[in-house]
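Computed from a prediction, not measured in an experiment: that's the story for all the values here. Each chain gets a letter, A, B and so on, in the order the sequences are listed, and its residues count up from 1.
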Protein chains: 2
Amino acid sequence: MLIKKNVKRLLLYRLCLVKFREMGFKRVYSYNLGHEAGVSAEQIRKDFSHFKITGNKKGGYDIESVLEKLNYIFRKNELQKVIIVGMGNIGRALSHYECGFTVRRQYIVAGFDIDPVKIKKTYNVPVYDMRSMDEYIRTNNIQVAIMAVPSISAQEVCTILVDAGIKGIMNFSPVLLQVPENVIVNNINLCDELEIVIYTAVNSNSINEAMIDNLTRD
Amino acid sequence: MLIKKNVKRLLLYRLCLVKFREMGFKRVYSYNLGHEAGVSAEQIRKDFSHFKITGNKKGGYDIESVLEKLNYIFRKNELQKVIIVGMGNIGRALSHYECGFTVRRQYIVAGFDIDPVKIKKTYNVPVYDMRSMDEYIRTNNIQVAIMAVPSISAQEVCTILVDAGIKGIMNFSPVLLQVPENVIVNNINLCDELEIVIYTAVNSNSINEAMIDNLTRD
DNA sequence: ATTATAATGTTCAAAAAATCACATTAAATA
DNA sequence: TATTTAATGTGATTTTTTGAACATTATAAT
């Protein structure tokens with residue numbers, strides 16, 4: 001999990017840097033960025049150093065060149081083709097989520113579903129029959145898929161994806177998918193994420209007695 | 001961040017326990033649960049111990065009673081009222097996301113938007129004018145909100161929420177919200193999450209030379 | 001009833017991550 | 001040009017997290 005944590009922070013830094021750039025800044029110091037991102041200045045420098053992103057001993061970091069480096073790291077020069085499996089509420093929402101995905105050169109190229117009502121319709125992207133998914137993945141050399149299917153069919157769909165050659169899955173079903181070592185899964189459990197908010201928000205007022213003593217936070 | 005990490009694991013365990021229960025099991029051992037959740041058995045026992053969830057020295061953990069304890073910890077007995085601000089793609093998808101939210105007794109009670117087209121329409125929940133949001137929050141004593149508004153208006157909306165008394169925000173805008181100490185924010189950046197998948201999946205094949213040496217994984 | 005077994009729960013050790021401290025060096029100043 | 005300053009980058013230290021080891025105890029077997 002080391003990479004994931006670092007990578008997540010790096011993406012957070014990118015978000016902040018873009019904001020600074022929009023504000024007209026050309027350079028930032030580690031503590032500016034740290035303050036904005038909510039991490040320590042040392043952490044920033046360590047992370048940058050780790051990914052061989054260098055600054056200037058007096059003048060901090062050049063925003064543009066750090067962003068370029070980040071784009072290089074995240075292969076932003078290459079257009080990443082991504083498919084969505086399951087065009088339910090979440091799937092359809094993501095297919096319209098241009099503001100984020102297309103700006104970043106992640107590109108949703110197709111959706112798949114088993115529901116004949118959804119197939120052929122175009123929710124911003126063409127939606128095909130799931131039976132043709134395997135072929136589509138192979139011919140278009142798709143490596144990454146977003147899964148937003150019902151829990152009951154999640155593992156089955158996952159297996160099809162993996163067999164077709166998918167290497168990364170962003171999974172919205174509350175199911176822990178069984179995949180080979182070389183396939184990575186990022187589970188997004190929206191309920192859990194909301195639960196965390198509720199838990200923390202509610203308990204920050206009146207501590208639940210089940211929680212007791214030694215719970216530090218942040 | 002200690003709580004959040006623990007809580008996240010606890011929610012993961014719950015997911016697994018529900019699955020085991022559905023499969024007809026009555027009891028689990030720490031290593032069963034660990035295997036399913038992808039964590040070590042010791043970690044399970046540590047986490048349980050930390051939250052005063054106890055098992056049986058020989059017979060492992062009684063699934064039903066652990067789930068009950070978890071429900072108590074997460075206050076599942078109380079119905080949590082949640083509002084959605086911003087009825088765009090994501091907001092609307094979440095308003096229909098019953099399978100998760102309602103089963104868990106989290107309850108989306110209302111949506112808010114500034115777009116007159118969306119107001120009055122009912123996307124599974126009633127949608128009101130954002131100008132009435134402050135009043136709604138106060139009269140209904142809402143503590144938690146989901147924000148799915150455009151980045152440009154995120155901070156403004158956030159401030160309204162906080163002033164109205166919101167204590168927890170699940171934020172889908174790629175913006176780091178400024179909030180007082182006592183308000184907690186859970187940022188869900190779907191682009192970043194997809195980026196992580198792409199990054200890891202693509203780099204697991206052909207390592208990017210920018211990444212170099214010392215990147216361990218998992 | 002006694003013994004053996006197999007799980008928990010906790011203490012102790014190792015690993016990882018974050019923070020601190022400082023040596024280094026680019027820029028500003030005199 | 002020399003000196004001061006203020007930032008980076010990295011080695012050392014501390015803290016946190018994870019993993020291993022083991023003592024404890026409920027159950028099963030004899």
How many Å lie between [atom1] on [X] and [atom2] on [N], as a whole number?
X: Tyr31(B); N: dG19(D); atom1: OH; atom2: P; result: 19 Å
X: Lys57(B); N: dA28(D); atom1: NZ; atom2: P; result: 16 Å
X: Phe48(A); N: dT8(D); atom1: CZ; atom2: C1'; result: 12 Å
X: Arg27(B); N: dT27(D); atom1: CZ; atom2: C1'; result: 11 Å
X: Lys8(A); N: dA17(C); atom1: NZ; atom2: P; result: 15 Å
X: Ile44(B); N: dT17(D); atom1: CD1; atom2: P; result: 17 Å
X: His50(A); N: dT8(D); atom1: NE2; atom2: C1'; result: 18 Å
X: Phe51(B); N: dT8(C); atom1: CZ; atom2: P; result: 19 Å

[X] side chain near [N] phosphate (N/O to OP1/OP2, under 4.0 Å):
X: Tyr29(A); N: dT8(D); answer: no
X: Lys5(A); N: dA18(C); answer: yes
X: Ser40(B); N: dT18(D); answer: no
X: Ser49(B); N: dT10(C); answer: yes
X: Arg45(A); N: dT8(D); answer: yes
X: Asn56(A); N: dT25(C); answer: no

Scan Gly55(B) against the nucleic acid and name what it touches under 4.0 Å (heavy atoms): base, sugar-phosphate only, or nothing. sugar-phosphate
Considering every strand and a 4.0 Å limit on heavy-atom distances, what is the contact class for Arg9(A): base, sugar-phosphate, or nothing?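 Sugar-phosphate only.
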For [X] and [Y], which heavy atoms make the closest approach, and how far apart are they?
X: Val125(A); Y: Gly111(A); answer: CG2-N, 3.9 Å
X: Ile84(B); Y: Gly91(B); answer: CD1-O, 3.6 Å
X: Phe20(A); Y: Val28(A); answer: CD1-CG1, 3.6 Å
X: Ile184(B); Y: Ala201(A); answer: CG1-N, 4.2 Å

Here's a test of your reading of the structure: between Glu42(A) and Lys46(B), which maps to the more 5' nucleotide of DNA chain C? Lys46(B)
Would you mind telling me which residue lines up with the more 5' stretch of DNA chain C, Tyr61(B) or Lys58(B), judged by nearest nucleotide?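 This one resolves to Lys58(B).
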So which of Lys26(B), Lys69(B), Arg21(B), Arg27(B) actually passes salt bridge (charged side-chain N to carboxylate O under 4.0 Å, His left out) with Glu64(B)? Arg21(B)
